[in-house]
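What follows is a short report on a single structure.
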Amino acid sequence: VDGPLFAGAWRADDDQALQEVAELADCYRATKEMALESGAQGTAFLTTVAETWTSPDFAHHAKILGSLGRPIAYAVAVAVAAADAGVPLRAALIAYFYAFAANLTSAGVRLIPLGQVAGQRIIEKLRGPVSAAAEAAMEIPLDDIGSAGALIDWTSMQHETQYTRLFRS
């Protein structure tokens, strides 16, 4: 879901289209925990980029997203910055998906008896799936996205009520 949302935000050709993608991204956070994680990351990303990069286009888009009055999904925030920086969509999606894979792998390296080299091998083995995900994300219309991850949503709801947790979602 994040891939097509990223592509939609990257391609947004006016303020209304960008707002619509940002609102749609909110709808795909099925649990409070996932919404909190994505919104916190997106807000932190937008704030950091706005404070360190003097791009009039990005400043305008950050203002438009800020006018929605709620946290912005991480995928949307990164897509806007990539588009405003002139990063081609395919390259931006690959970088976004690799960062996601690297974060998951890093968690695995810390939680599983898995060394750094094994972690790097895992990331290397994801080259094909990451490229395929980027290609698919560029082709799927926003009207066709959806999720059938009911078990993921259920476990997220269970996870957010646990007393002790290592990770947010």
Side-chain angles (χ1 to χ4, degrees), residues 1-51 53 55-104 107 126 129-161 167-169:
V1 170
D2 276 1
L5 289 168
F6 185 110
W10 190 95
R11 290 178 176 139
D13 55 0
D14 61 38
D15 297 347
Q16 182 66 33
L18 180 57
Q19 288 175 331
E20 288 173 7
V21 173
E23 290 171 358
L24 185 60
D26 287 350
C27 296
Y28 282 99
R29 303 298 174 243
T31 66
K32 177 182 175 184
E33 193 79 359
M34 289 182 178
L36 181 61
E37 179 185 31
S38 181
Q41 289 177 337
T43 299
F45 185 87
L46 280 174
T47 300
T48 300
V49 173
E51 290 180 8
W53 185 32
S55 163
D57 289 338
F58 183 79
H60 172 75
H61 291 128
K63 182 178 178 182
I64 294 302
L65 292 171
S67 73
L68 295 174
R70 61 180 179 274
I72 300 303
Y74 183 60
V76 172
V78 176
V80 167
D84 290 341
V87 178
L89 177 56
R90 184 176 188 280
L93 277 164
I94 287 172
Y96 180 80
F97 286 140
Y98 261 119
F100 181 76
N103 282 337
L104 291 177
L126 291 172
V130 164
S131 292
E135 294 298 328
M138 292 188 301
E139 296 175 13
I140 298 171
L142 290 176
D143 288 342
D144 290 350
I145 64 175
S147 174
L151 188 56
I152 293 169
D153 297 340
W154 181 79
T155 56
S156 177
M157 286 183 249
Q158 296 300 311
H159 188 254
E160 68 188 19
T161 62
F167 302 101
R168 181 174 296 280
S169 61

- Going by the side-chain contact (heavy atoms from CB on, under 4.5 Å) test, name the single residue among I140, V21, L24 that passes it with P4. I140
Nearest heavy-atom neighbours spanning [X] and [Y]:
{"X": "R11", "Y": "M138", "result": "NH2-O, 2.9 Å"}
{"X": "A25", "Y": "L5", "result": "CA-CD1, 3.7 Å"}
{"X": "F97", "Y": "G3", "result": "CZ-CA, 3.6 Å"}

- Sorted by chain and residue number, the side-chain contact (heavy atoms from CB on, under 4.5 Å) partners of A44 (sequence neighbours excluded) come out as none
- Query: Regarding Q16 and E20, is there a side-chain donor-to-acceptor distance under 3.5 Å anywhere?
  - Reply: yes
I'd like a table of donor-acceptor pairs (distance under 3.5 Å, sequence neighbours excluded) in which one partner is a side-chain atom from residues 67-88, with atom names and distances.
from: S67; atom 1: OG; to: I64; atom 2: O; distance (Å): 2.6
from: R70; atom 1: NE; to: D26; atom 2: OD2; distance (Å): 2.2
from: R70; atom 1: NH2; to: D26; atom 2: OD2; distance (Å): 3.3
from: D84; atom 1: OD1; to: H61; atom 2: ND1; distance (Å): 3.1
from: D84; atom 1: OD2; to: F58; atom 2: N; distance (Å): 3.3
from: D84; atom 1: OD2; to: H61; atom 2: ND1; distance (Å): 2.8

- Test side chain to side chain contact (heavy atoms under 4.5 Å, CB included) on R90 and S131 and set out the steps. CA-CA 9 Å; R90 184 176 188 280; S131 292; 4.1 Å; yes
- Check against side chain to side chain contact (heavy atoms under 4.5 Å, CB included), F100 and D2: CA-CA 11 Å; F100 181 76; D2 276 1; over 6 Å; no
- Decide if atom OH of Y98 counts as having more than 12 heavy atoms of other residues, nucleotides or ligands within a radius under 6.0 Å.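 Check passes, neighbour count above 12.
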- Heavy atoms, side chains only, cut-off 4.5 Å: are L89 and F6 in contact? yes
- Query: Would you say the side chain of L93 lies within less than 4.5 Å of the side chain of W10, judging by non-hydrogen atoms?
  - Reply: no
- Item | Approximate separation, where rounding is to 0.5 Å, of E51 CD and L46 CG | 11.0 Å
- How long is the gap from CD on Q19 to CD on E23, to the nearest 0.5 Å? 6.5 Å
